[in-house]
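A short write-up of the structure that comes next.
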Protein chains: 2
Amino acid sequence: MNFPKRKQKILNKLDEYGEVDVKQLADELQISEITARRDLNQLAADGLLYRTHGGAAKVNPFEKPHDFANKTAQNAAVKDEICRVAARQINDGDVIFMDCGSTVFRLCQFIKNKKIKVITNSLPVIYELQNCAVSLNVIGGEFDKERQAVHGRMAIEHIAKYRASKAFLGVDGVSENGLFAHSEKEASITTAFATNSAYTYLLCDASKIGKEPYLRFGDLSLVNAIITDADKGKLMGIEERGVVILNAKK
Amino acid sequence: MNFPKRKQKILNKLDEYGEVDVKQLADELQISEITARRDLNQLAADGLLYRTHGGAAKVNPFEKPHDFANKTAQNAAVKDEICRVAARQINDGDVIFMDCGSTVFRLCQFIKNKKIKVITNSLPVIYELQNCAVSLNVIGGEFDKERQAVHGRMAIEHIAKYRASKAFLGVDGVSENGLFAHSEKEASITTAFATNSAYTYLLCDASKIGKEPYLRFGDLSLVNAIITDADKGKLMGIEERGVVILNAKK
DNA sequence: TTGTTATTGATTATTTTTGAACAAATTAAA
DNA sequence: TTTAATTTGTTCAAAAATAATCAATAACAA
């Protein structure tokens with residue numbers, strides 16, 4: 001039995017029972033335990049399941065059915081690790097910016113009982129945090145349906161009126177040459193967040209490191225720290241520029 | 001049983017009873033007490049619960065946002081009639097203000113296919129309209145959890161920058177003596193909406209007519225028309241002041 | 001054929017998880 | 001207040017799971 005077929009079986013099983021364990025999987029599929037583990041790791045890397053000790057679980061069986069939750073399911077495990085590290089940087093009393101990226105969204109779950117103020121342009125973030133301890137400030141302006149967030153001139157003006165102690169941002173790419181985005185819209189918002197916060201964290205998984213898509217919108221000096229699961233080797237050029245690297249490897 | 005599964009069980013239990021204690025948890029989940037403690041500590045670190053001596057408590061005593069849906073369900077039939085009439089006043093190309101009242105919220109369902117721009121401070125309205133034809137403008141500022149809407153000075157400033165062709169507003173009371181609200185917050189937002197739109201509609205069911213609760217915040221001249229299911233008799237004093245009455249009786 | 005590559009399994013070392021024992025801290029009681 | 005009972009954090013050890021390395025096999029192309 002080849003991998004694609006096993007993959008299908010594993011996912012079916014997972015869908016039915018909500019979880020699987022390595023031993024039982026190895027037995028049923030007539031493969032060794034290590035192969036079963038390798039399969040699970042590969043599926044976990046694709047964000048199709050959650051790897052646990054001894055097995056795996058469905059991505060999020062108790063998550064809300066919002067469509068933005070689905071988007072963030074890709075690489076959820078890695079993103080969660082990154083966000084755990086990020087959450088540890090946040091103290092009561094902080095005023096933080098959060099942008100509308102899928103990685104930053106996953107930060108919500110870890111800050112729900114912190115006594116902080118969150119300023120954001122992301123509808124999913126607002127929706128997720130509306131009933132918890134954090135105080136919310138909504139950035140006003142034109143609503144972008146695709147990104148489920150507010151963008152445009154008004155949004156930039158709004159941000160400029162506030163000062164945050166920390167900003168948590170995502171980008172489409174980052175290298176020693178600077179920060180990169182797919183669109184002008186996101187670039188200008190990100191820049192506004194960064195310039196109006198005392199300390200800026202970039203949250204990005206390994207896939208974004210070294211990528212330079214489309215638009216270079218800012219220098220590395222715009223951010224103070226990068227929280228990532230990428231290897232040291234890939235980050236050398238960036239660290240040399242004075243950016244703090246926070247490792248978020250599992 | 002692995003951690004993710006225990007995590008879910010703990011959270012479920014917490015959700016049901018509001019609190020758990022270590023001993024009982026260890027017993028029910030067939031784990032040692034120290035493991036139970038470790039689980040609770042980890043969940044607490046993620047902000048999913050509050051750690052107490054001997055156990056843990058739910059993180060947010062607040063209620064879920066369902067109460068908004070419940071509120072809108074009250075008198076739904078009457079409110080829908082009012083909103084049907086309101087929707088007929090809206091033409092393609094209009095720029096309209098919508099406030100955060102439960103009546104105005106029900107207007108959403110009737111305008112989803114109109115080619116208009118909606119400017120609102122109501123999170124439920126944004127959520128409801130995010131995936132349809134209307135273009136959305138989000139009013140920025142401090143988020144008020146109770147009302148699920150944005151209020152405050154920033155919101156007022158935001159509104160002042162726009163001009164709408166029509167505003168659709170709710171109030172807590174209206175009589176020939178003017179407009180009434182339960183709180184200063186809502187009053188100032190309503191005033192801002194009304195003064196920045198060419199034509200202002202008040203959406204209110206019969207229960208609001210003649211009521212004068214707490215704060216009188218504006219003259220009747222602030223509105224151009226009232227859409228209501230109330231009898232002509234109750235409205236005489238108001239109509240005399242030049243306010244157009246649109247009947248919305250079933 | 002031959003060499004290359006991908007897949008799988010076995011072995012070993014490492015990491016993670018768990019529980020027990022005990023000292024420190026906290027709460028409750030006298 | 002002091003004392004007793006709980007609860008907790010810490011350290012250590014055992015067990016389980018995992019990652020890493022290497023060898024065997026299968027699939028594939030030249």
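The structure presented is a predicted model; accordingly, all values stated were derived computationally and were not measured. The sequence lines fix the lettering, A, B, ..., with proteins before strands; numbering per chain opens at 1.
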Report all interatomic pairs (protein N or O, nucleotide N or O of nucleotides 8-13 of chain D) with separations under 3.5 Å.
| unit_1 | atom_1 | unit_2 | atom_2 | d |
| --- | --- | --- | --- | --- |
| D:dT8 | OP1 | B:Arg51 | NH1 | 2.9 |
| D:dT8 | OP1 | B:Arg51 | NH2 | 3.3 |
| D:dT8 | OP1 | B:Thr52 | O | 3.3 |
| D:dT8 | OP1 | B:Gly54 | N | 2.7 |
| D:dG9 | OP2 | B:Asn41 | ND2 | 3.3 |

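- With sequence neighbours excluded, the residues forming a salt bridge (Lys or Arg N to Asp or Glu O under 4.0 Å) with B:Lys112 are B:Glu128, listed by chain and number.
- The stretch residues 23-32 of chain B touches DNA chain C through B:Ile31, B:Ser32, each having a heavy atom under 4.0 angstrom from the strand.
- Listed by first then second residue, pairs satisfying salt bridge (Lys or Arg N to Asp or Glu O under 4.0 Å) with a partner in residues 129-142 of chain A read A:Glu142-B:Lys117, not counting sequence neighbours.
- Listed by first and then second residue, the salt bridge (Lys or Arg N to Asp or Glu O under 4.0 Å) pairs that reach into residues 151-160 of chain A are A:Arg153-A:Glu157, A:Glu157-B:Lys161, sequence neighbours excluded.
- In terms of the ring-ring contact (aromatic ring centres under 6.0 Å, His included) criterion, A:Phe143 has no residue partners (sequence neighbours excluded).
- What separates CZ of B:Phe3 from P of D:dT18 is a distance of 16 Å, to the nearest Å.
- With sequence neighbours left out, A:Asp39 forms a salt bridge (Lys or Arg N to Asp or Glu O under 4.0 Å) with A:Arg6.
- Qualifying salt bridge (Lys or Arg N to Asp or Glu O under 4.0 Å) partners for A:Asp27, counting only residues two or more places apart in sequence or in other chains: none.
- Not counting sequence neighbours, the partners of A:Tyr199 by the ring-ring contact (aromatic ring centres under 6.0 Å, His included) test are A:Tyr201.
- In this entry the distance linking CG of B:Leu40 with P of C:dT18 reads 13 Å, nearest Å.
- Of all the heavy atoms in A:Gly173 and A:Pro213, the pair that sits closest is CA-CD, 3.9 Å.
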